[in-house]
Amino acid sequence: MGTIVLNQVRKSFGGHEVIKGADIRIEDGQFAVFVGPSGCGKSTLLRMIAGLEDISGGEFLLDGKVMNDVSPEQRNIAMVFQSYALYPHMTVAENIGFSLDLKKTPKAEIKRRVGEIAERLQLTPYLNRKPSALSGGQRQRVAIGRAIIKEPSVILFDEPLSNLDAALRVQMRAELQELHRSTGATIIYVTHDQVEAMTLADQIVVLKDGQVMQTNDPIGLYKEPENTFVAQFIGSPKMNLFPAKVESVAGDVVRIRTDAGWPIDLPAIEGLRAGPVQLGIRPESLTLAAPHEPAEIETRTVLSERLGMETYISFETGGEPGIARVPGDHSLPSGTPIRLAVDPSACHIFDNDGRAIRSQSA
Amino acid sequence: MLVLPSAILLFAFVLYPSGVAIYTSMTNLSLTGPAALNPRFIGFDNYTKLFSDHTFWRSLVITFWFVLFSAIIGQLVLGLLSAILLKRQFALRPFFNAIILMPNAVPGVVAALMWSSMLASGEYGTLNKIVAWFGVDPQRWLVTFPLSMIIVVNIWRGIGFAMILMNSGLSAISEELYEAARMDGATTWQAFRKITLPLLVPTIFLYLLVSTVTTIAIFALIYALTRGGPAGATEIVGIYIYNQSFGSYQLGYGSAIAVVLLIFSLIIGTFYVRALKVEV
């Protein structure tokens, strides 16, 4: 079992508060990802769950039991460190079996269990090697082996893929999902990489400046961001935000006009009053309009980045930068006039404090 | 060409004097009498004499205990302990750091003079005044416990160096390893024994190499404190060489002892370097 509940958890380092009252609930067996920019407190939060940092305020419960003052080794939680933290003077087998050795488990039993873990992680040929003689991916697996041999109810990962090259990351992501499936443990995974977060998580916790901005499943976060921070953090390239005004609310249609002057009609939004708002449009909700087709935005390209299967078109409208992500390859030199059509059902409206006003998308 | 300056210096200050010492050790050169003017080549006579010289063997044994207890055990253990304790942040840390490092900065003779006053006999000796608070009668420290006292003095002098080296060794061990060990359930003692010590082995050997060789060669500190006495109780080999060469005026014989000592140091040094498996 590994249900984790954080109630108003706080952390201060010498008067400076880095975690400002986090409320998080992670169900048993879930794969949860803490994501956020550098310095948002995600690693600190993870280390508090591990027991490596004291909890300054609030409660951390594991399966209903308060764990604030329980020492790390008694929490039944394992952790994989960013730099793997393998013991350099021990062999792979000794690294994996270290926790059992400390508990004075019989040698034969340690050997058997290390063997099983090594088999599972394809480390058997390397059991007698030192970590320095392993590749990055193999070291990563040893670190994982060291964590799962304890049969923990919760496994914590602190940016585990950040030291690996791109190809290996994709492979390790798949292996982590398999690991999650086979162990059934609750996993909390810290990353600043939103692709890792989106592909791995059952539940994503977005953090900023020590506060939880939003908790949801990956697609929920993408489709219904509660604020401009989450809206821009999830999705790549990030969501365009244009200052705009609600011009009129007439029946089922709301007319919004951006400060750049172009109008857009959206389906009615409950509670929306006339006044200034921010209009959020994901780059992939913008399409290049053919000359005879209607288009909301008429502007010129600033830069186009051709990726082959798609093209990122940067533009400017009313002094605000924007970007469109359109399918196919388009050669658009800087300054080319373009017309962009907006998918009204995929627009997001935020108030001036950045809070979503009931997102439009389903 | 680039190594020429250091080659010249090495030749002038190491190789040439060693050569002279080795040659001298095969003569009957003396500071007085006919051999002072016309030293004779006597081959290995000095060395044969050396092997039946009980005082020489005794001084070797004293040197062994002196090195073992002051450098290898005392300085190393206390240096490591201080390095571990002073790794933590606390208010008086720089103060303690300075106190431990200070003895290293004091010249050997000055240190010896300070300790002479500390260990002086009679009721005015500093240590005697201190023990008097506990009702202990004044002791003649350098007469009753001569070897123990010079060991204590040398430990006091050497902890700082040991601490610096151990400190650098400790700071090379990543904090994450200790966190990983905590997550694995290691107690502080287990983490020390299974993580710190094994990872500190290269530093410890490096320390042993340097401190053994320098401690064998210690002279000023002991000469100024005891001159090797009483009755030869603190006559380590360095002192014995001096006493033979400049006390008994037998330069040839003194050189022979020095050459033997050099060979011992080389053997010990080679052993440590092998154990270190690094190029020194």
Side-chain angles (χ1 to χ4, degrees), chain A residues 13-14 43-44 46-53 70-91 94-105 110 130-132 139 142-152 154-160 163, chain B residues 76-77 79-80 83-84 86-94 165-209 271-280:
Chain A
F13 288 111
S43 284
T44 307
L46 194 76
R47 290 168 57 83
M48 287 158 80
I49 294 170
L52 296 172
E53 299 283 355
V70 176
S71 62
E73 74 276 8
Q74 282 164 355
R75 294 188 182 194
N76 198 20
I77 292 176
M79 180 159 170
V80 175
F81 291 82
Q82 181 170 11
S83 65
Y84 317 139
L86 299 180
Y87 311 120
H89 55 297
M90 298 183 194
T91 62
E94 287 166 338
N95 263 287
I96 296 177
F98 188 59
S99 58
L100 300 182
D101 180 45
L102 290 175
K103 278 192 280 186
K104 308 257 185 288
T105 311
I110 297 179
K130 295 271 174 71
S132 56
R139 285 179 205 183
V142 177
I144 291 171
R146 195 172 62 179
I148 61 177
I149 199 166
K150 292 188 280 186
E151 295 170 353
V154 180
I155 309 176
L156 310 176
F157 288 89
D158 189 4
E159 308 217 14
N163 292 336
Chain B
L76 177 63
V77 172
L80 179 56
I84 291 171
L86 289 177
K87 243 179 84 175
R88 295 151 195 244
Q89 292 291 338
F90 59 96
L92 290 175
R93 188 166 154 246
L165 217 69
M166 292 306 138
N167 200 358
S168 78
L170 285 175
S171 51
I173 304 175
S174 149
E175 202 51 44
E176 271 199 343
L177 289 186
Y178 293 108
E179 293 184 341
R182 265 179 84 194
M183 297 298 295
D184 276 345
T187 59
T188 311
W189 171 244
Q190 281 174 322
F192 177 75
R193 206 162 53 85
K194 305 228 172 198
I195 312 283
T196 312
L197 265 191
L199 289 176
L200 218 50
V201 163
T203 315
I204 289 175
F205 270 100
L206 181 66
Y207 168 76
L208 289 179
L209 169 68
F271 165 74
Y272 283 141
V273 172
R274 285 272 165 80
L276 261 172
K277 287 187 196 146
V278 294
E279 286 182 20
V280 176

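First the proteins, then the strands, lettered A, B, ... as listed; each starts at 1.
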Distance, nearest 0.5 Å, that separates NZ of B:Lys194 from OH of A:Tyr87:
11.0 Å

Residue part contacting chain A, namely of B:Gln190, when any heavy atom lies under 4.5 Å
side chain

Interface moiety of A:Arg47 toward chain B, non-hydrogen atoms closer than 4.5 Å:
side chain

Minimum heavy-atom distance between B:Arg182 and A:Leu52, given as atom pair plus value:
NH1-CD2, 3.9 Å

Kindly check if the number of other-residue, nucleotide or ligand heavy atoms within 6.0 Å of CZ (A:Phe13) is above 12?
yes

Between the CD atom in A:Glu73 and the CG atom in B:Asp184, the distance rounded to the nearest 0.5 Å is 10.0 Å

What's the separation between atom CG in B:Leu199 and atom CE in A:Met90, rounded to the nearest 0.5 Å?
8.0 Å

Intermediate values then yes/no, side-chain contact (heavy atoms from CB on, under 4.5 Å), B:Met183 and A:Arg75:
CA-CA 9 Å; B:Met183 297 298 295; A:Arg75 294 188 182 194; over 6 Å; no

Interface moiety of A:Ala50 toward chain B, non-hydrogen atoms closer than 4.5 Å
both

Give the C-alpha distance, both sets of side-chain angles, the deciding distance and a yes or no for side-chain contact (heavy atoms from CB on, under 4.5 Å) between A:Phe98 and B:Ile195.
CA-CA 11 Å; A:Phe98 188 59; B:Ile195 312 283; 4.1 Å; yes

With a 4.5 angstrom heavy-atom cut-off, which part of A:Leu100 approaches chain B: side chain, backbone, both or neither?
neither

Identify which of B:Gly185, B:Ala181, B:Ala180 forms the greatest number of heavy-atom pairs closer than 4.5 Å to chain A.
B:Ala180

